[in-house]
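See structure below.
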Amino acid sequence: MKKDLVLGGLVLLSLWLISGIQAVKRFQDVRFHGKQSNDQGHHSQIRGWSPDRNTWDEQLYPAWKAGDARWENCWRGGKVEALLTSDSPALIGSNITFAVTLRFPRCQKENDDGDIIYDRKCRNDSFSYQDQYVYNWTKWVDDCNEGNCTFLNKFPDGRPFPHHPDWRRRNFVYIFQTLDQFYSLTGRSSAVLSINTTNITAGTQMMEVSVYRRDHRRHYPVAKASAMYIVTEQIPLYVNISQKNDRNSSDKIFIKDSPITFDVKLHDPSHYLAKAAVSFNWTFGDGSGSFVSNNPLSSHTYTLLGNFSLNLTVKAAIPGPCKPVTPTTFIPTTYTSSTTTAPVTSNSTGNSTDLPFTETAFVTTEGSNVTTAPTTETTTHIQTTPAAGCFIDRYGYYKANIRIVDGIVEVNIVEMTNVSPSEAQKSSIDFVVACQGSIPTDACTIISDSTCTIPQNEVCDEVVTTDECLVTLRRAFTGPGTYCVNITLGDDASLALASTLVSVSEGE
């Protein structure tokens with residue numbers, strides 16, 4: 001009997017221990033979307049972050065899954081939305097910044113003290129403002145001195161809140177999770193977090209954030225959000241292509257014999273490439289060879305018609321730490337004399353090494369002193385001056401197909417003639433317009449005031465096709481005065497402009 005009681009007690013104790021172990025919640029258990037499919041294998045430590053195997057204090061921070069009915073009543077007066085954004089994509093080694101902004105229910109806002117109040121200027125017929133405050137944190141922290149508070153100032157893993165001068169206004173707790181790690185901070189209705197991507201694997205990753213509002217005994221979840229971000233080994237960039245007289249740059253159709261401007265924009269919001277040596281290597285696909293420059297702005301003129309493929313390679317040599325280089329030991333050689341040379345070093349780190357001209361010392365180990373044979377020695381190169389610097393090389397690429405066509409490259413007003421009153425009801429002028437390039441298909445005239453800022457009349461006409469680019473346009477004016485006249489001639493691919501000032505007198 002006693003033996004049975006002992007065995008029964010052991011079973012109960014075992015069950016209690018097992019249930020206790022199972023009841024321990026960890027950060028990885030409270031992820032809103034669960035474990036992601038791309039979370040495979042071990043992830044390197046992000047500086048300042050903690051592994052999500054750490055325990056989570058669910059008594060202090062209740063964790064609710066999606067669809068839990070408690071989300072409906074976690075905030076007074078409606079639901080709070082969290083908007084999570086980032087400045088992705090990020091080049092490996094640079095910083096990526098995440099921003100969270102809370103969007104409160106209608107007619108609610110955060111005041112200067114960090115409290116949530118009702119906006120009196122906002123009409124809400126379905127609700128009467130019985131109180132100014134939605135959440136008045138200032139009231140119940142007035143008597144709270146640091147370390148002597150009625151509420152618990154710690155994160156889910158038990159770490160205490162950091163002390164900030166504006167700690168009274170930081171009434172939200174933000175818990176970020178990615179790559180099996182987490183980071184917690186306090187803030188107001190928005191929060192910003194930057195992380196370095198050196199130890200993050202290239203590819204598409206997910207960042208999640210859980211937002212809690214502070215309370216006396218525990219902190220309550222109010223919103224969750226997630227966003228994808230990209231870490232890449234290639235320099236993120238885009239190219240803005242423009243050309244004077246080009247009608248639509250987005251169609252990748254440009255004009256022959258007119259310079260095309262290529263403006264390269266590197267996406268580097270954290271200024272990781274600020275001290276890098278960046279070069280731009282262009283090939284324009286027309287047989288003109290390659291063009292290398294350290295200027296992101298370049299231009300090229302195509303003298304042939306047709307389709308062309310242009311390619312850009314951007315190289316950035318980023319200053320970085322030099323990893324140890326193994327000295328090279330040479331096989332025994334016949335001793336001749338000392339020399340001065342520039343050593344050649346090998347490096348398995350993937351960094352490029354720029355070494356200046358250096359002195360080389362010889363360490364010699366003499367062999368047997370035999371007069372009938374030359375003295376042999378083992379020679380080791382030892383660098384006596386430091387290297388100029390080591391660099392991490394990163395590359396970015398851009399390709400585009402463009403079409404080069406004939407276009408209107410220049411427009412000139414070559415003649416203006418008054419029209420006699422017998423031929424026109426209003427004061428009119430015939431403009432003779434000449435152009436170079438292709439034959440225009442349409443002509444538009446905008447007549448403005450003398451400052452060319454206030455349009456008064458716009459007229460567009462189709463141009464009758466001829467063998468030469470010479471167009472006569474008759475335009476009427478409302479009365480005496482000085483007018484600014486802009487005349488544009490265009491075809492499917494190009495648009496060119498000519499302007500002039502016209503003085504119209506009474507009766508002329």
Side-chain angles (χ1 to χ4, degrees), residues 240-263 297 299-306 402-508:
N240 182 32
I241 307 177
S242 61
Q243 184 185 45
K244 182 182 178 182
N245 299 337
D246 180 43
R247 193 158 196 165
N248 180 12
S249 60
S250 63
D251 62 6
K252 296 295 191 296
I253 299 176
F254 299 95
I255 306 166
K256 182 173 75 74
D257 296 326
S258 179
I260 303 175
T261 300
F262 302 90
D263 189 6
L297 192 67
S299 65
H300 184 73
T301 301
Y302 286 87
T303 59
L304 301 173
L305 302 176
I402 63 174
R403 182 183 176 191
I404 303 299
V405 299
D406 283 321
I408 304 169
V409 295
E410 186 178 349
V411 172
N412 293 291
I413 301 173
V414 297
E415 184 179 345
M416 294 184 292
T417 306
N418 289 331
V419 179
S420 63
S422 60
E423 297 183 42
Q425 295 180 349
K426 296 182 179 180
S427 299
S428 301
I429 297 177
D430 283 343
F431 296 88
V432 180
V433 184
C435 63
Q436 296 180 13
S438 61
I439 305 300
T441 58
D442 55 78
C444 289
T445 305
I446 299 177
I447 300 175
S448 307
D449 67 332
S450 59
T451 64
C452 298
T453 56
I454 303 176
Q456 297 180 355
N457 187 27
E458 181 177 0
V459 178
C460 292
D461 301 307
E462 292 185 359
V463 174
V464 178
T465 302
T466 60
D467 293 335
E468 59 179 349
C469 185
L470 196 66
V471 180
T472 300
L473 303 172
R474 176 169 294 182
R475 295 297 181 249
F477 298 86
T478 57
T482 301
Y483 298 89
C484 175
V485 179
N486 291 325
I487 297 176
T488 56
L489 301 182
D491 60 10
D492 291 339
S494 58
L495 196 68
L497 169 70
S499 300
T500 187
L501 285 175
V502 175
S503 179
V504 178
S505 302
E506 187 71 34
E508 295 183 0

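Along the sequence shown, residues are numbered consecutively beginning with 1.
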Test side chain to side chain contact (heavy atoms under 4.5 Å, CB included) applied to N248 and I253, step by step
CA-CA 8 Å; N248 180 12; I253 299 176; over 6 Å; no
Check side-chain contact (heavy atoms from CB on, under 4.5 Å) between T488 and all other residues, then give those that pass, not counting sequence neighbours.
C444, L495, L497
Quick one: ring-ring contact (aromatic ring centres under 6.0 Å, His included) pairs with a partner in residues 469-492, sequence neighbours left out?
F477-Y483
Which value, rounded to the nearest 0.5 Å, describes the distance between H300 atom NE2 and I402 atom CD1?
8.0 Å
Please list, chain by chain and in numerical order, all residues satisfying salt bridge (charged side-chain N to carboxylate O under 4.0 Å, His left out) with D442, sequence neighbours excluded.
R247
Could you list the donor-acceptor pairs under 3.5 angstrom formed between side-chain atoms of residues 451-458 and any protein atom two or more places apart in sequence or on another chain?
{"residue": "T451", "atom": "OG1", "partner": "D449", "partner atom": "OD1", "Å": "3.2"}
{"residue": "T451", "atom": "OG1", "partner": "D449", "partner atom": "OD2", "Å": "2.7"}
{"residue": "T451", "atom": "OG1", "partner": "T453", "partner atom": "OG1", "Å": "2.6"}

Which heavy atom of S438 sits nearest a heavy atom of I408, and at what distance?
OG-N, 3.4 Å
May I ask you to check whether over 12 heavy atoms, not counting those of K256, lie within 6.0 Å of atom NZ?
yes
Please assess I487 against R475 for the test side chain to side chain contact (heavy atoms under 4.5 Å, CB included), listing each intermediate value before the final yes or no.
CA-CA 11 Å; I487 297 176; R475 295 297 181 249; over 6 Å; no
salt_bridge(R474, D461) N-O dist < 4.0 Å
no
For the CG atom on D492, are there more than 12 heavy atoms of other groups (residues, nucleotides or ligands in this structure) within a distance under 6.0 Å?
no
Between N412 and V414, is there a donor-acceptor pair closer than 3.5 Å when you use the side chain of the first and the backbone of the second?
no
When rounded to the nearest 0.5 angstrom, what is the spacing between CD1 in I413 and OG in S499?
7.0 Å
With D257 via side-chain contact (heavy atoms from CB on, under 4.5 Å) - residues at least two apart:
T303
OG of S258 to CD1 of I404, rounded to nearest 0.5 Å, is 9.5 Å
All ring-ring contact (aromatic ring centres under 6.0 Å, His included) counterparts of F254, not counting sequence neighbours:
none
Test your reading of the model: is there a side-chain donor-acceptor pair from D430 to the backbone of T417, 3.5 Å cut-off?
no
Check whether any side-chain heavy atom of I241 lies under 4.5 Å from a side-chain heavy atom of T261, and answer yes or no.
no
If we count only N and O atoms by modelled type, under 3.5 Å, do the side chains of T441 and D491 hold a donor and an acceptor together?
no
How many angstroms lie between atom OG of S242 and atom NZ of K244, to the nearest 0.5 angstrom?
12.5 Å
For a side chain to side chain contact (heavy atoms under 4.5 Å, CB included) check, start with the C-alpha distance between S299 and T301, then their side-chain angles and the critical distance, and finish with the verdict.
CA-CA 7 Å; S299 65; T301 301; over 6 Å; no
To the nearest 0.5 Å, what is the distance between OG on S448 and CG on L501?
10.5 Å
CZ (F431) and OG1 (T472) are apart, to the nearest 0.5 Å, by 11.5 Å
Search all heavy atoms of S494 against all heavy atoms of I255 and return the closest pair with its distance.
CB-CD1, 3.3 Å
Do you know which two heavy atoms are closest between D246 and A493, and how far apart they sit?
OD1-O, 3.3 Å
Taking every non-hydrogen atom, the tightest pair across P440 and V471
CG-CG2, 4.2 Å
